[in-house]
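What follows is one structure encoded as structure tokens, with my remarks underneath.
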Amino acid sequence: MKRIRGLATALLAAALAFSMVGCDKIKVQQGIAASVNGEKITIEELDKQLAQYKEQYPQLFQGKDAEQRELEYRRRLLDNLIDQVLVRQAAKDKGVDITDEKVAQQIDQLKAGFENEKKFLEALESANMSEESLKKQISEQMVTQGIIESLEVNTTVSDKEISEYYEKNKAQFVTKNTKRASHILLKAEDEALAKDVLAQAQKKNADFAELAKKYSTDTSNKDKGGDLDYPTTPYVAEFQAALDKLQVGEMSDLVKTQFGWHIVKVTEERPGGQQPLEEVKDRIAQIITQQRRSESYRKYLQELRDKATIVIYIEELKPEAEQKKPAEGSKETTPAKSE
């Protein structure tokens, strides 16, 4: 009797397993990669993200281990898509609302960094993205940020914590020599005007600041004589290369970048070295607070995963513990034989 019961249990388990495998195959045939609390993630969506990575980082998918790396990235990308769905669902419950208007404002800020609409669209194309996919990406980022801001985090950082962080991470606070520059920017199509302005700037006793106020198209600093202050983010490569060759008081020839024609002048240089603790206290406090936010978000995301019903239908993308393995001593699984 016990043998019969044992056999019945084994047969039932095998039937259920076979049924689940069959269900997975049907879902894959329908183009569904996974579901999160009933919300579908399509294979098309997953493949688009993988194609984008391949376009941006082709070297990652070359060589003898290319196939395994592709599988790892595909698994990682699916994990990210699952997290995005979880966060989007949580945002709805929390009342975090990201409107189309807010996304459009972010797009406009990005566009402002380009010479014109055409340059912006070319940059998107080179990144293998459409404006629609960019909107979706920005919306996801804003939703995530909204969730992070909704989590309770202790923002009080003690002097002791700041001092300990500084001592452990002194290398983070070593600066290189930094140059302060001014520039005059002219449109790419105005090369003749750019040459004329350069000739004026090269004259003895020429007033660079006045020329910047008169001719520069960079409205963010032309009224300050083209002063860019000390950089907080990297310049584009062509601009930086020209800047690196100049000493204080020297001026470049015309420099062509994606923004147009630049005339660059170095006005000051700040020596590098170890920054003192007092100078970086606020920055360290921000770093520690951000670390707390990141940890809080990581824990929250894990809680969402623990509560969620997540089903992955693509066999090779499932966690290893869930992947169906051949029975010991057999060459194929039972489902494979039944195909």
Side-chain angles (χ1 to χ4, degrees), residues 56 108-127 166 169-284 286-287:
Q56 291 177 328
D108 288 342
Q109 286 180 21
L110 279 176
K111 285 182 177 179
F114 291 85
E115 184 184 340
N116 51 44
E117 180 83 6
K118 183 183 176 184
K119 295 288 186 185
F120 169 71
L121 293 175
E122 285 174 356
L124 277 183
E125 187 178 356
S126 68
Y166 178 79
N169 301 277
K170 277 191 170 182
Q172 286 186 26
F173 308 105
V174 176
T175 61
K176 298 178 180 178
N177 286 5
T178 312
K179 293 174 182 178
R180 181 174 186 165
S182 294
H183 81 146
I184 301 170
L185 176 64
L186 297 120
K187 294 180 180 178
E189 58 267 29
D190 291 339
E191 185 175 1
L193 176 60
K195 287 179 179 178
D196 178 56
V197 175
L198 176 63
Q200 292 183 53
Q202 288 172 334
K203 289 180 180 178
K204 191 176 181 180
N205 298 324
D207 191 326
F208 190 93
E210 286 303 314
L211 289 171
K213 289 175 184 178
K214 183 176 180 180
Y215 292 106
S216 184
T217 59
D218 189 344
T219 55
S220 66
N221 55 62
K222 66 178 294 180
D223 291 338
K224 297 184 288 185
D227 179 29
L228 296 168
D229 208 332
Y230 284 101
T232 55
T233 56
Y235 292 120
V236 292
E238 302 90 341
F239 190 102
Q240 186 63 55
L243 187 64
D244 290 343
K245 295 174 184 176
L246 301 173
Q247 301 300 318
V248 174
E250 291 182 341
M251 185 177 67
S252 72
D253 289 326
L254 291 181
V255 179
K256 182 75 181 291
T257 74
Q258 67 195 62
F259 303 107
W261 295 101
H262 304 257
I263 304 168
V264 185
K265 184 174 182 179
V266 175
T267 55
E268 291 179 5
E269 185 168 10
R270 187 164 58 192
Q274 182 70 53
Q275 295 175 280
L277 175 59
E278 284 303 313
E279 192 175 297
V280 295
K281 280 183 74 173
D282 291 345
R283 184 174 151 201
I284 292 174
Q286 289 175 356
I287 291 171

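What's counted below: heavy atoms across the whole structure, side chains too, no hydrogens, waters or symmetry copies. This structure is a prediction, so every number in the text was calculated from the model and none was measured.
A donor-acceptor contact shorter than 3.5 Å is absent between the side chain of Glu279 and the backbone of Pro276. With Ser216 contributing its side chain and Lys222 its backbone, the two residues share no donor-acceptor pair below 3.5 Å. No donor-acceptor pair under 3.5 Å is formed between the side chain of Ser182 and the backbone N or O of Lys265. Listed for the Glu269 side chain is no donor-acceptor partner under 3.5 Å among the backbone atoms of Val248. Of the possible polar contacts, none joining the Lys111 side chain to the Glu117 backbone as a donor-acceptor pair under 3.5 Å is found. Checking side-chain atoms of Lys119 against main-chain N and O of Gln258 turns up no donor-acceptor pair under 3.5 Å. For Thr178 (side chain) and Lys176 (main-chain N/O), a donor-acceptor pair under 3.5 Å exists by modelled atom type.
Relative ring orientation between Phe259 and His262 is described as perpendicular, the plane-to-plane angle rising above 60° on a 0-90° scale split at 30° and 60°.
In summary, of the residues considered (Gln275, Gln286, Gln172), a side chain to side chain contact (heavy atoms under 4.5 Å, CB included) with Val280 occurs for Gln275 alone.
Side-chain contact check for Arg180 versus Thr267: some heavy-atom pair is nearer than 4.5 Å. Under the 4.5 Å side-chain criterion, counting only non-hydrogen atoms from C-beta, Val264 is not in contact with Tyr235. Using a 4.5 Å heavy-atom threshold, the side chains of Ile263 and Leu254 count as touching. Side-chain contact between Ile184 and Phe208: present, with at least one pair of heavy atoms (C-beta onward) separated by less than 4.5 Å.
Rounded to the nearest 0.5 Å, atoms CG (Asp207) and NZ (Lys214) are 12.0 Å apart.
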For residues 185-205, which side-chain N or O atoms pair as donor and acceptor with protein atoms under 3.5 Å away, sequence neighbours left out?
unit_1	atom_1	unit_2	atom_2	d
Asp196	OD2	Gln200	NE2	3.1
Gln200	NE2	Tyr215	OH	3.2

